[in-house]
K.L.:
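Attaching a single structure in structure tokens format; questions to follow.
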Number of protein chains: 4
Amino acid sequence: MDVPTDIPIRVDLYSDTITRPTLAMREYMCQAEVGDEQLGEDPTVNRLQDMVAELLGKEAALYLPSGTMCNQIAFCVHCQPGDEVIMDKTAHPLHYEGGGPTPLKGILIRTVDGERGVYSARQVEEALRERSRYNPRSRAISIEQTSNMGGGKCWPLETIREVCEVAHAHGMATHMDGARLLNAVVATGISAKAYAASLDSLWLDLSKGLGAPVGGVLAGSKAFIEEAWRYKQLLGGAMRQAGIIAAAGIYALEHHVERLAEDHENAKLLAQGLAEVPGIRIRPQDVETNIVFFDVTETGMTTQQFIDRARYEHGVRFSKMNGRVRAITHLDVTRQDIEQAIQAARTIVETPH
Amino acid sequence: MDVPTDIPIRVDLYSDTITRPTLAMREYMCQAEVGDEQLGEDPTVNRLQDMVAELLGKEAALYLPSGTMCNQIAFCVHCQPGDEVIMDKTAHPLHYEGGGPTPLKGILIRTVDGERGVYSARQVEEALRERSRYNPRSRAISIEQTSNMGGGKCWPLETIREVCEVAHAHGMATHMDGARLLNAVVATGISAKAYAASLDSLWLDLSKGLGAPVGGVLAGSKAFIEEAWRYKQLLGGAMRQAGIIAAAGIYALEHHVERLAEDHENAKLLAQGLAEVPGIRIRPQDVETNIVFFDVTETGMTTQQFIDRARYEHGVRFSKMNGRVRAITHLDVTRQDIEQAIQAARTIVETPH
Amino acid sequence: MDVPTDIPIRVDLYSDTITRPTLAMREYMCQAEVGDEQLGEDPTVNRLQDMVAELLGKEAALYLPSGTMCNQIAFCVHCQPGDEVIMDKTAHPLHYEGGGPTPLKGILIRTVDGERGVYSARQVEEALRERSRYNPRSRAISIEQTSNMGGGKCWPLETIREVCEVAHAHGMATHMDGARLLNAVVATGISAKAYAASLDSLWLDLSKGLGAPVGGVLAGSKAFIEEAWRYKQLLGGAMRQAGIIAAAGIYALEHHVERLAEDHENAKLLAQGLAEVPGIRIRPQDVETNIVFFDVTETGMTTQQFIDRARYEHGVRFSKMNGRVRAITHLDVTRQDIEQAIQAARTIVETPH
Amino acid sequence: MDVPTDIPIRVDLYSDTITRPTLAMREYMCQAEVGDEQLGEDPTVNRLQDMVAELLGKEAALYLPSGTMCNQIAFCVHCQPGDEVIMDKTAHPLHYEGGGPTPLKGILIRTVDGERGVYSARQVEEALRERSRYNPRSRAISIEQTSNMGGGKCWPLETIREVCEVAHAHGMATHMDGARLLNAVVATGISAKAYAASLDSLWLDLSKGLGAPVGGVLAGSKAFIEEAWRYKQLLGGAMRQAGIIAAAGIYALEHHVERLAEDHENAKLLAQGLAEVPGIRIRPQDVETNIVFFDVTETGMTTQQFIDRARYEHGVRFSKMNGRVRAITHLDVTRQDIEQAIQAARTIVETPH
Ligand SMILES: [Ca+2]
Ligand SMILES: [Ca+2]
Ligand SMILES: [Ca+2]
Ligand SMILES: [Ca+2]
Ligand SMILES: [Ca+2]
Ligand SMILES: [Ca+2]
């Protein structure tokens, strides 16, 4: 392209990970009381952990520097080398976590072919392995709420229950990658505790739609968290005066949960607007939360071409995932930003190079 | 069932692994000159290794106690933790090798959905991962010749070449699980060396159709075999006066290769005979080598029921794989045995309990 | 004991990890410009990394949530499973990092018996293994500057050079655990760059004497850091708007380095004061930086008894390491605190229970 | 050297691993009844396993292709990644098993400094780690009977009991590397069962002094052996008609145990003879079984020079271990061979080059 590449980003739909702490959040962080979290002496970390344990109805919780570490630790606690975790073929650990628990502990992942990231109890039954000397041991299942590659689809509560029932009946642990669990909570009105009830471990991400700069919180039984602490040390996730960043999580849980509804509304607006652009294929009825996928290949452009033009001609940043364009709404995206993004898409499609 | 369970096995189609050393092979073993193989002083082991290296057109070869160890070592030499091997979803390491290289070295396996175990260069291209910080590294491909779960299907030479070309173009290593490579050689008339030409590593199993009691031989470049030796020590595959059993491999390569044609003929006879039994679904034209799969569910029996009746009412042993009945012909199965097996199947189907 | 256990800590010599961010540091953090560090878009993280790379004379650097993760990643980048790292028997990864790189990647650690944590080139030569199929591969050496269990002893520059020369001559990588490298710099006047010159990788801890709440920075060649990024993702050390905490590191490097001299002076005062308490065995001349070890067993108390009485009768917190009492001076410890600690020790010793 | 290098080996004291099957043993092997051992259908393998389980007083046993695999599997069954095994600093897995269980499963080894390979209960207590989040978990101890690097020293029964008592009191598993356990049995008159009583797992090597060409047998509880089977599959130690080689083990246990006394006598003769050669330092009273270490450095030759001259001037093969010369007596070494070896040593020492 002959366009300048230094045009600033005006509307950033790349991911909800890019949310930046607000001024109020920063002030709250600045005043946080802190201590050495490894000694259990950071009151802010302790308070955040208690809040999340309470929110999810679990005995204990553990603050960690990332959602990836939450997943890694949960799988490492539940599984031994040669054990197998069942998850959807689109699940995040398979594609974005450096190989997930496999290089860390020799844990296998067995994929099932769900519907937009959501699989069924029956699929778990089919993926289960007979106990034998030859087989990996089926040892855990993992659910991603909401499903990122599934376009923010929410796992229905009933499906979670059924899947977990099968898993538990076969002695398997159940885990939820709750990167966007609170989006599902806000979208469906089902409480986090209800979603969490049949899970042995799950976590919340604080750095996505909630707007905190860093971290996730992993929850489970006391014994689970005690063992998780060992892995927190091993992986280098044990920090010191982490209350500074944990404070942002407290602030986010207190102020940024309900507003996720705006992100969902914006995502729907975006989907509806894009649906009217000729050549863009999208199903607005699939948008349940804050993620929007669409296909531009009928316009004659490749996905990458569309993304580059949006970025460098209009300052609108999308991302590419699985061959499609992905947009995620969040705290730093307004309704006007959405309108600007729709207009940019329309202009791109109507103005071929 | 109310039948006696101590009826002896008269026709054993369970697997070609059950072949027993012949008297002549035993005599040959008994006279083998031996030494300490770890010191390179076992002349019989050395000779077997040279024979296989020559047969496969590779610089060097290594005698190992099993085909599983051949696979494990090859993957461990080619890959580091977090690297990924592409193979068919039916491949043996995924289902019968205790988790394959994953628990041993944190290696991931990415499955492709081939046709009876045979996948295409295009499928490799699609399974390849972009290089990034988030991704496992696509590092090797593995081919199973012949495909066990694919019913003994032979990988066409051209497909092997194409798949390896794509792999090499992306800096990946190419490996063949040659558990039944010589069956493919005998069935197609293509030399083992031709099949091996585009592969960085491959192995022969001596204990299946070839009739040796123990072992496989892994071949590759000198550097590959030198590193394989390290893993032979680590895994406990380094033996001492292994010439005793290696001798059986020499004998097998000298006397039992061409006769694999009989096994193939017997397999075809079995398939044709079973095709005439009402309710048994089978495609005789799919039988290329010594493996026969068939489906009995239209008879109203489950697969397991059929297998149990064959075993305990007729002394005919089949195995179950992937929900179907599997029969494998081999050195210890005669044409009369095949007729007996067909007759047994017919009687079972025609005599409901 | 019958003493109240809720007496507050007045003088905290437990570790320099317990330093809390100052008000000025908090304000600096609060105003930090941030972005998504995984996308390379966090300007504050980028600036901190550049500062450390420059300080250490390396091509590149990587911000990580802890010093433990710096060590884990460095060993994982340098070594493959079955490789061996040589380090002193007192080294931190062996005792405080959940098993160090062994559970993460199957890396062996071979200990040498140094003098207060400092070993010699000759000891490296003796610990090197001959190349063979049977042996682990000697692959890296690790130096801890200053040596924690060695009482804050500084590795002499010449010793570092000699040890690294032997290592490099045998194809090994050289790594420095620089948890307290800047203490050595301030104590000896030797620049960090000079210390770093013969090392392939090393890191600084920001959360100890420097007073930042969280994090360390790992430095090395561009290729090393690119590979380190893969492990940062894998271990879950990749954060998002980490500039908030990285800012504290920048502030610390700009304002808290030279003042480490005060900590060293305080440590010497403490040692001299304790040396005059009857029954306390200590060698003040061994105190080179901010760590003080002493032995109280001649007083008739156990180490734990002494520590408990200091804590619960006087509000002075020491720690126990290797059977001795350890005191570490830092940003939050004043000269008056030191006098109070000495007085407490004297009172405890003179007032038997 | 200018000597011819093709002089045949006349007296081979390199190791008892080099023993070759006798004619009678070969005939016994040749007639062995065999089946598929993975299906539990090899009667000879089954019988050998039963014999060893009985001999050692354990519930079950498992035939494996090597002693190294016996060790690897035992540690893998007893330990998880991050667990630690305590063993003597001279123990075989540390130096001759490709890194031992560390690369296979991330298991740490903590060495203690025993007396000729034999350590004490107190040393175990000192090596035990406190339970914490930071520490590896002390999980097993391993005893090598007899100690190879310790010059064939026998672990006293009482020491075994004490060491195991401490280990069990701390929830640790106890394992014996019984590579030469039967040498200890014959030398001391203490039964194998008595030695085995306080051990959770142990194994016999068949291929050393017993003279079988291949294999070891690992014994323990039923649950232990069931789990060991999983690793046998994973490591590739599951063979097929292994009865052929297992038969040699049966023959050896029936015919070659008591004759180990001759090897011990020969070893003592060798030690006494060498003690009279000027410049050779040796303690004949240390020779308890079939291993003899001696030091030739006072002769002015290096260890390697002495070994090379013995080999190429006299056809006497010694090995080098830990800087000394090692000789091992065995089935294929006669009293005349010993005299020849002594004479060779004398000639070498008296005839400087
Ligand atoms: Ca964020
Ligand atoms: Ca905006
Ligand atoms: Ca066989
Ligand atoms: Ca027959
Ligand atoms: Ca701090
Ligand atoms: Ca032998």
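Below, chains carry the letters A, B, ... as their sequence lines are ordered, and counting in each starts from 1.
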K.L.:
Taking everything shown except A:R139 itself, do over 12 heavy atoms lie less than 6.0 Å from its CZ?
P.N.:
yes
K.L.:
To the nearest 0.5 Å, tell me how far A:T111 OG1 sits from B:R110 CZ.
P.N.:
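Output value for this atom pair is 9.0 Å.
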K.L.:
Count the heavy atoms belonging to other residues, nucleotides or ligands that lie under 6.0 Å from CZ of B:R317, then report whether that count exceeds 12.
P.N.:
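It does: B:R317 CZ has more than 12 such atoms within range.
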K.L.:
Which atom pair, heavy atoms only, marks the closest approach of A:T102 to B:T102?
P.N.:
CG2-CG2, 3.5 Å
K.L.:
Pick whichever of B:D83, B:L94, B:I109 has the most heavy-atom pairs under 4.5 Å with chain A.
P.N.:
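Of B:D83, B:L94, B:I109, B:L94 has the most heavy-atom pairs under 4.5 Å with chain A.
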K.L.:
Going from NE2 on B:H92 to OH on A:Y134, what distance comes out if it is rounded to the nearest 0.5 angstrom?
P.N.:
8.5 Å
K.L.:
Check whether B:R137 gets within reach of chain A through its side chain, its backbone, both or neither, counting any heavy atom under 4.5 Å.
P.N.:
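Contact with chain A is absent: no heavy atom of B:R137 under 4.5 Å.
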K.L.:
For A:E115, does the CD atom have more than 12 heavy-atom neighbours from other residues, nucleotides or ligands under 6.0 Å away?
P.N.:
no
K.L.:
Does B:Y14 OH have over 12 foreign heavy atoms under 6.0 Å away?
P.N.:
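No.
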K.L.:
Are B:L108 and A:P103 side-chain neighbours, meaning at least one heavy-atom pair lies under 4.5 Å?
P.N.:
yes
K.L.:
Indicate the atoms forming the closest heavy-atom contact of B:G99 with A:P136, along with that distance.
P.N.:
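For B:G99 versus A:P136, the nearest heavy atoms are CA-CG, 3.8 Å.
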K.L.:
Tell me, for A:I107 versus chain B, whether the close heavy atoms (under 4.5 Å) come from the side chain, the backbone, both or neither.
P.N.:
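Only the backbone of A:I107 comes within 4.5 Å of chain B.
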K.L.:
If you draw a 6.0 Å radius around CZ in B:R281, do more than 12 non-hydrogen atoms from other residues or ligands fall strictly inside?
P.N.:
no
